[in-house]
Amino acid sequence: MKADNLSFLEFIEGKRTFYIPVYQRNYDWKRIQCKALFKDIENIATDENRSSHFLGTIVYVEGESLANFRKFIVIDGQQRLTSIMLLLKAVVDLTDNEDLKLEIEQSYLTNRFSPEPLKIKLKPMKQDAGNFHKLINNQIKDMEESQILLNYNLFKDLMEESALSPEEIYQGIQKLEIVYIQLAKERENPQLIFESLNSTGLDLTQADLIRNYLLMGQDYNQQERLYSDYWVKLERLLPDAMISDFIRDYLTLKTKTIPNKDKVYISFKEYYQRINNYDSEGFLEELKTYGEYYSWFKYCNSPDEEVNKKLSQLQRLKSTVVYPFLLNIFEDCYMYHNIDTSMICRTLDVILSYVMRRLLCEMPANALNKVFASMAKDIGRYDGEDLCDKVALVLAGKKGKAVFPDDILLKEKLMLRNSYKFIHIKYILEQIECKQGKEIVNFDELTIEHIMPQTLTAK
């Protein structure tokens with residue numbers, strides 16, 4: 001590890017390019033951070049007694065060197081680095097001093113006389129890279145709405161409102177100082193350092209940490225490929241907020257233990273370090289495969305319409321605890337072809353009956369977490385049976401809080417409970433209607449009504 005303090009402009013000067021790796025989040029500084037930065041620069045620009053102002057730390061791994069070019073892969077500090085670059089561009093566009101324009105453009109924003117891929121000093125994440133490239137090349141009208149564009153315009157507005165000239169703001173930027181930390185990839189573990197720097201968990205989901213762990217140990221080009229081939233496709237299947245839940249259910253299936261929601265990353269690391277037959281790519285490929293099944297559960301858009309009808313019923317009952325086991329049987333069907341879709345439907349019928357009867361009997365839903373976490377293992381006791389029968393046998397054998405209510409218990413509970421206030425009563429009546437009548441009924445606008453008064457008298 002090498003560390004030292006340096007002025008920010010000295011740090012970015014020279015033939016060097018700063019790459020923001022794919023495991024980082026997009027640039028996302030908001031108005032409050034940008035205004036605070038600008039205010040600090042205004043203050044130091046006008047304070048003759050201050051020769052420097054500490055901006056923060058920038059941590060990087062030095063990538064492959066090309067002739068006299070240096071590649072810096074930024075592990076921490078991309079928000080500050082990008083923001084100052086945007087502010088420098090705003091100074092260029094507002095100053096009338098042509099010499100200053102050239103100095104900033106050729107020393108701090110671009111690498112003069114460089115091949116095109118290395119021309120622009122900062123290489124943000126893919127979603128931001130196009131916009132930043134257009135900004136530096138003065139194609140602002142072609143930029144898409146993004147934090148890059150918003151903050152560039154904000155810095156311009158702040159400068160136009162400021163009592164200081166663009167030249168004086170630049171003098172303030174010259175006083176900015178950073179501490180840089182250069183990691184030796186061969187000796188230090190960038191992932192562990194990244195975790196320490198982000199130990200507060202600020203803005204990082206459990207899925208973010210897992211993605212970073214799988215990508216950070218690779219070289220930059222490999223990171224780009226793995227990110228594009230696997231993680232981007234997973235994000236297209238599932239929104240960010242859902243990926244952490246998906247990986248939690250995936251780990252539940254694999255470990256037969258349910259991780260705490262805020263300990264998914266820790267559980268993942270423990271599991272990943274135990275398995276020997278996967279590298280990062282193999283693991284990402286499996287996540288993408290299971291992620292597609294998971295998206296079918298969430299959006300009821302599997303290739304089979306009958307399966308989708310069952311998944312839709314499961315959605316209405318909000319019974320997500322069954323997802324770890326469903327991942328297992330969908331893999332068995334759609335990847336290994338050990339069972340067909342009709343068997344999935346029959347198995348889902350058993351699960352729906354179990355879940356619905358328990359809801360009608362007002363039994364606690366949290367008892368089902370462990371039931372379905374271990375289901376893939378438990379059905380192994382019944383070799384020779386069809387999958388739906390295996391599941392029925394396991395559930396029928398449950399006692400206590402996880403019991404499968406029989407007809408006698410169900411009838412007893414229905415006689416006593418207030419079904420009108422049961423949130424799933426419409427679903428129950430719809431199922432009865434579908435089973436009893438052949439007429440197609442549109443349920444969308446139907447409401448639940450009383451036949452008898454809510455308060456009964458002897459009469």
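Here, residue 1 is the first one in the sequence, and each next residue gets the next number. Treat the numbers as computed from the prediction; the structure is a model and nothing was measured.
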How far apart are the C-alpha atoms of Leu215 and Leu284, what are their side-chain angles, what is the distance that settles it, and do they pass the side-chain contact (heavy atoms from CB on, under 4.5 Å) test?
CA-CA 10 Å; Leu215 297 179; Leu284 284 164; 4.1 Å; yes
With side-chain contact (heavy atoms from CB on, under 4.5 Å) as the criterion, how do Leu37 and Phe155 come out once you've worked through the C-alpha distance, each side chain's angles and the decisive distance to 0.1 Å?
CA-CA 10 Å; Leu37 172 66; Phe155 283 133; 4.2 Å; yes
Please assess Asp349 against Arg346 for the test salt bridge (Lys or Arg N to Asp or Glu O under 4.0 Å), listing each intermediate value before the final yes or no.
CA-CA 5 Å; Asp349 279 337; Arg346 289 163 62 192; over 6 Å; no
Using the rule given for side-chain contact (heavy atoms from CB on, under 4.5 Å), can you reason through Gln313 versus Ile351, listing the C-alpha separation, both sets of side-chain angles and the distance that settles it, and then say yes or no?
CA-CA 11 Å; Gln313 291 180 41; Ile351 292 170; over 6 Å; no
side-chain contact (heavy atoms from CB on, under 4.5 Å) between Gln206 and Lys263, intermediate numbers included:
CA-CA 8 Å; Gln206 298 294 296; Lys263 298 289 193 322; 5.6 Å; no
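Between Gln79 and Asn26, the closest heavy-atom pair is NE2-O, 3.5 Å. Looking at every heavy atom in both residues, Phe404 comes nearest to Ser353 through CZ-OG, 3.8 Å. Nearest heavy atom pair, residue Val403 against residue Met363, reads CG1-CE, 3.6 Å. Closest non-hydrogen pair, Leu214 versus Gln218, comes out as O-NE2, 3.6 Å. Here the shortest heavy-atom pairing between Lys310 and Leu348 reads CB-CD1, 3.5 Å. The two residues Asn131 and Ser146 come nearest to each other via the heavy atoms ND2-OG, 3.0 Å.
Ring geometry for Phe372 versus Phe325: interplanar angle of 30 to 60°, hence tilted. Between Tyr272 and Tyr213, the ring planes lie perpendicular to each other; the angle is over 60°, past the 30° to 60° tilted range. Ring geometry, Tyr323 versus Tyr294: the interplanar angle exceeds 60°, so the pair is classed perpendicular (tilted spans 30 to 60°). In this structure, Phe283 and Tyr278 have perpendicular ring planes: the angle between them is above 60°, well past the 30° mark. Ring geometry for Phe422 versus His424: interplanar angle over 60°, hence perpendicular rather than tilted (30 to 60°).
Checked against Tyr27 for a side-chain contact (heavy atoms from CB on, under 4.5 Å), the options Leu81, Ile20, Leu122, Ile148 give a single hit: Ile148. When each of Phe11, Tyr180, Tyr60 is tested with Phe18 by the rule ring-ring contact (aromatic ring centres under 6.0 Å, His included), just one qualifies, namely Phe11.
Between the Asp157 side chain and the Leu154 main chain, no donor and acceptor come within less than 3.5 Å of each other. Lys233 contributes no side-chain N or O that, together with a main-chain N or O of Lys288, makes up a donor-acceptor pair within less than 3.5 Å. Side-chain atoms of Asp386 never come within 3.5 Å of backbone atoms of Asp389 as a donor-acceptor pair (strictly under, hydrogens ignored). Lys123 contributes a side-chain N or O that, together with a main-chain N or O of Pro117, makes up a donor-acceptor pair within less than 3.5 Å. The backbone N or O of Asn366 lies less than 3.5 Å from no partner atom in the side chain of Lys401, so there is not a single donor-acceptor pair. Checked by atom type and distance alone, the side chain of Arg248 never pairs as donor or acceptor with a backbone atom of Val264 at under 3.5 Å. Checked by atom type and distance alone, the side chain of Asn137 never pairs as donor or acceptor with a backbone atom of Gln139 at under 3.5 Å. Counting only distance, with no hydrogens or angles, the side chain of Arg381 and the backbone of Lys390 share no donor-acceptor pair below 3.5 Å. Using modelled atom types, no side-chain atom of Gln147 and backbone atom of Asp28 make a donor-acceptor pair closer than 3.5 Å. With hydrogens and angles ignored, the 3.5 Å screen pairs a side-chain donor or acceptor of Lys256 with a backbone N or O of Leu253.
To the nearest 0.5 Å, atoms CZ (Phe132) and CE (Met85) are separated by 5.5 Å. The CD1 atom of Ile169 sits 10.5 Å away from the CG atom of Leu94 when rounded to the nearest 0.5 Å. For the atom pair CD of Glu285 and CG of Asp229, the computed distance is 9.5 Å after rounding to the nearest 0.5 Å. For the atom pair NZ of Lys89 and CG of Leu109, the computed distance is 7.5 Å after rounding to the nearest 0.5 Å. Taking CZ of Phe297 as the start and CD of Gln315 as the end, the distance is 10.5 Å to the nearest 0.5 Å. The CD1 atom of Ile428 lies 9.0 Å from the OG atom of Ser419; values are rounded to the nearest 0.5 Å.
Residues satisfying the side-chain hydrogen bond (donor to acceptor under 3.5 Å, both in side chains) criterion with Asn308, sequence neighbours excluded, are Ser302. For Leu393, the side chain to side chain contact (heavy atoms under 4.5 Å, CB included) partners two or more places apart in sequence, or in a different chain, are Tyr382, Glu385.
With contacts defined as side-chain heavy-atom distances shorter than 4.5 Å, the pair Asp340/Met343 qualifies. Considering only heavy atoms from C-beta on, Lys254 stays 4.5 Å or farther from Arg274 through its side chain. Residues Ile75 and Ile181 have side chains not in contact (no heavy-atom distance under 4.5 Å, counting atoms from C-beta outward). Side-chain contact check for Leu176 versus Ile173: some heavy-atom pair is nearer than 4.5 Å. Between Ile243 and Thr205 there is no side-chain heavy-atom pair separated by less than 4.5 Å. Using a 4.5 Å heavy-atom threshold, the side chains of Pro303 and Trp296 count as touching.
More than 12 heavy atoms of other shown residues, nucleotides or ligands fall within 6.0 angstrom of atom CG in Leu416. Summarising the local packing, NZ of Lys39 is surrounded by 12 or fewer heavy atoms from other residues, nucleotides or ligands at distances under 6.0 Å. For NZ of Lys413, the number of neighbouring non-hydrogen atoms (other residues, nucleotides, ligands) closer than 6.0 Å is 12 at most. Summarising the local packing, CD of Glu144 is surrounded by 12 or fewer heavy atoms from other residues, nucleotides or ligands at distances under 6.0 Å. Remark: Ile408 CD1 is loosely packed, at most 12 non-hydrogen atoms of other residues, nucleotides or ligands lying under 6.0 Å away. Counting non-hydrogen atoms of neighbouring residues, nucleotides and ligands closer than 6.0 angstrom, the NZ atom of Lys398 exceeds 12 such neighbours.
Taking a cutoff of 4.0 Å between a charged side-chain nitrogen and a carboxylate oxygen, Lys411 and Asp406 do not qualify as a salt bridge. A salt bridge is defined here as a Lys NZ or Arg NE, NH1 or NH2 lying under 4.0 Å from an Asp or Glu carboxylate O, and Lys309 with Glu306 meets this definition. A salt bridge between Arg225 and Glu281 is present, with a side-chain N of the basic residue lying under 4.0 Å from a carboxylate O of the acidic one.
In this structure, a donor-acceptor pair under 3.5 Å is present between the side chains of Tyr290 and Glu331. Side-chain contact check for Ser244 and Tyr265: no donor-acceptor pair (N or O, by modelled atom type) lies under 3.5 Å. Looking only at atom types and distance, the side chain of Asn328 has no donor-acceptor partner in the side chain of Lys377 under 3.5 Å away. Side chains of Thr252 and Asp249: no donor on one and acceptor on the other come within 3.5 Å. Defined by atom type and a distance below 3.5 Å, a donor-acceptor pair is present between the side-chain atoms of Glu42 and Ser162.
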